2 protein chains.
Amino acid sequence: MTFDPIARHSVSDQVFGRLRDAVVSGRYTAEEPLPSERELATLFGVNRHAVREALRRLQQLGLVRVSQGGATKVLDWRSTAGLDLAMTLAGAQDVLPVATLGRDVLEMRACIGADAARLCALRAEPAAREAIAAAVEAYGKAAPDLDRMGAADRDLWRRIVEGSGNIAYLLAFNSLTAGTLAIGSVPAHRRTAELLDVTAHRNLSELIAAGDAPGAEAAARALLAVPVLDEVRSPRR
Amino acid sequence: MTFDPIARHSVSDQVFGRLRDAVVSGRYTAEEPLPSERELATLFGVNRHAVREALRRLQQLGLVRVSQGGATKVLDWRSTAGLDLAMTLAGAQDVLPVATLGRDVLEMRACIGADAARLCALRAEPAAREAIAAAVEAYGKAAPDLDRMGAADRDLWRRIVEGSGNIAYLLAFNSLTAGTLAIGSVPAHRRTAELLDVTAHRNLSELIAAGDAPGAEAAARALLAVPVLDEVRSPRR
DNA sequence: CGGAGCCAACTGGTCCAACCAGTTGACGGG
DNA sequence: CCCGTCAACTGGTTGGACCAGTTGGCTCCG
């Protein structure tokens, strides 16, 4: 039995979480004004600065638009929020009016992973290719411990994405893997088959090392293919 | 001649920008502590609260890790920052130690656009398909005004991504198009050929309407292909 | 001399209170 | 009826005080 560190949420973190959930869940319609900072402060029973810090974060996520003198307006997050919004929605899936987020993340992972493998085979430096080979090696040695294999798998993919030389892919990879959401929280059994396939991973690494771009792309696509059998749903639904 | 609204940056915005540039440009190494909030406040000549708001935003971007009692540490943004970081790097490309960001964004756009078109052809609702057809229509009517065509093009792609039913793609699309960076700031001549190809757009729309997933994917991929001739560079380099 | 414990001096977190600076809308005079 | 004025909002900024957790040196005991 291991103990996870106790999560300590500061006041402004909690305010942020509440407001984020309220906005994402659709409690406010687009362009609807949020209560004033002073009002929110009294409602939550906290200081106005805490509310302000939370609002700044919401603003940066693209959930609200604040303007001096005028009220803070709620935005339509479907058209203004960035991918990092998914990062912050860790345990808040109850609120999200979207049941397919898990599947969506897997689809995006497959799409980007395949193209990253292609680009990596195309233009990775020799050092990067060696790093990938080493990562595959470590991955093989981690078997059959699923936790360690998962970590090694993430590490391997990170190196592939790095090897692609595409910063946007790298940042998107971070967005997808960060947060408890994303790949980590996907039911383990769905990824078991993928994780146990050491041979396929080794094959992918060799294709990249050989510079076979189409082959690497195909191998990555096969490895990351999203199962279509059961829907991915929040466990608490 | 049109006048753009004057950008008014609040104090905490400017502090945020300075600190973000400092971190992203590599002035601090990973795990290196940032000056204390009080120190930064005196350095910038602003109140501590403004510094705090800026730091919270940096924290959310994944650029720093703050912990009560301990110093605020700088993180390695290449492994912790999300895709939204690209959004905020609008005019700050001078600082970024990455010359390929423009190309990278285009590559990612092509990758996601193609898969979104595929999924859209696969599972979009009839209403969504009609919306796409209407968007193509509006796009055709916007010719030959490049600005209007660009806007109509973005609108069309938004509807395609929406039709794919993949929230992650939608958020990533927002991240890629938001900010002055991204597609908007790519030198116009690189996109002219793509924008003028009304026939290809119409073709893509029809493939989606017909539910031809492989065809739609191929058409989208051809339309969004990244030219390999010249490197995309920041204009000021 | 080595180690355990304490404590001062940091760090960030929160609060209060006041004032500045824009926006909005109602109200009154032309 | 229109237009300027102005009060009553909104967010933006400041100063200062105190709470809370971390860190590292320093003392004291073994």
Side-chain angles (χ1 to χ4, degrees), chain A residues 3-20 22-23 28-75 80 88, chain B residues 3-20 22-23 28-75 80 88:
Chain A
F3 287 109
D4 294 329
I6 294 177
R8 285 174 301 192
H9 291 293
S10 69
V11 173
S12 83
D13 281 342
Q14 299 181 56
V15 172
F16 167 76
R18 298 258 202 121
L19 289 176
R20 178 205 56 198
V23 171
Y28 295 97
T29 62
E31 292 305 309
E32 187 177 348
L34 226 49
S36 73
E37 293 178 351
R38 292 167 175 86
E39 197 170 343
L40 287 173
T42 61
L43 285 176
F44 287 123
V46 302
N47 188 272
R48 195 178 146 211
H49 289 297
V51 174
R52 281 183 59 79
E53 288 179 8
L55 285 177
R56 299 293 277 187
R57 294 174 63 187
L58 290 181
Q59 177 187 24
Q60 183 170 300
L61 269 185
L63 297 182
V64 302
R65 172 167 38 88
V66 317
S67 50
Q68 183 174 357
T72 296
K73 302 260 179 70
V74 174
L75 295 174
T80 57
T88 74
Chain B
F3 287 109
D4 293 330
I6 294 177
R8 284 173 302 192
H9 292 292
S10 70
V11 173
S12 83
D13 281 342
Q14 299 181 56
V15 172
F16 167 75
R18 299 258 201 121
L19 290 176
R20 178 205 57 197
V23 171
Y28 295 96
T29 62
E31 292 306 309
E32 186 178 349
L34 225 49
S36 73
E37 293 178 351
R38 292 168 175 85
E39 197 170 343
L40 287 172
T42 62
L43 285 177
F44 287 123
V46 302
N47 189 275
R48 193 177 147 213
H49 292 297
V51 174
R52 281 184 58 80
E53 286 179 10
L55 286 176
R56 298 295 282 198
R57 293 174 62 186
L58 291 181
Q59 177 188 25
Q60 183 172 301
L61 269 185
L63 298 182
V64 302
R65 172 166 38 87
V66 317
S67 48
Q68 183 175 359
T72 296
K73 303 262 179 68
V74 174
L75 296 175
T80 57
T88 75

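Each chain gets a letter, A, B and so on, in the order the sequences are listed, and its residues count up from 1. It should be emphasised that the depicted structure is a prediction, and the values quoted were computed from it without experimental measurement.
Between atom CZ of residue B:Arg57 and atom CG of residue B:Leu19 there is a gap of 11.0 Å, rounded to the nearest 0.5 Å. A distance of 9.0 Å separates CD of B:Glu53 from NE2 of B:His49, quoted to the nearest 0.5 Å.
Applying the side chain to side chain contact (heavy atoms under 4.5 Å, CB included) criterion to B:Ser10, with sequence neighbours excluded, gives A:Arg56, B:Ser12, B:Asp13.
Using a distance-only test at 3.5 Å, with no hydrogens or angles considered, no donor-acceptor pair links the side chain of A:Arg18 to the main chain of A:Phe44. Listed for the A:Arg20 side chain is a donor-acceptor partner under 3.5 Å among the backbone atoms of A:Thr88.
Listed by first and then second residue, the side-chain hydrogen bond (donor to acceptor under 3.5 Å, both in side chains) pairs involving residues 33-43 of chain B are B:Glu37-B:Arg48, B:Glu37-B:Arg52 (not counting sequence neighbours).
Heavy-atom contacts of chain B under 4.0 Å fall on DNA chain D between two terminal nucleotides, which in 5' to 3' order are D:dG12 to D:dT22.
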Contacts under 3.5 Å, N or O only, protein and nucleotides 23-27 of chain C:
none

Between protein and nucleic acid, restricted to nucleotides 15-18 of chain C and to nitrogen or oxygen atoms under 3.5 Å apart, what atom pairs and distances do you find?
| residue | atom | partner | partner atom | Å |
| --- | --- | --- | --- | --- |
| C:dC15 | OP2 | A:Asn47 | N | 3.0 |
| C:dC15 | N4 | B:His49 | NE2 | 3.0 |
| C:dC16 | N4 | A:His49 | NE2 | 3.0 |

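Side-chain contact check for A:Val15 versus A:Leu40: every heavy-atom pair is 4.5 Å or farther apart.
Nearest heavy-atom pair across B:Ala50 and B:Val11 is CB-CG1, 4.0 Å. The minimum heavy-atom distance between A:Tyr28 and A:Pro35, with the atom names listed, is OH-CD, 3.7 Å.
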Exercise answer: donor-acceptor pairs, residues 63-74 of chain A side-chain atoms, under 3.5 Å, sequence neighbours excluded:
| residue | atom | partner | partner atom | Å |
| --- | --- | --- | --- | --- |
| A:Arg65 | NH2 | A:Glu31 | OE1 | 2.8 |
| A:Arg65 | NH2 | A:Glu31 | OE2 | 2.9 |

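In terms of position on DNA chain C, the residue among B:Glu39 and A:Ser10 whose nearest nucleotide sits closer to the 5' end is B:Glu39.
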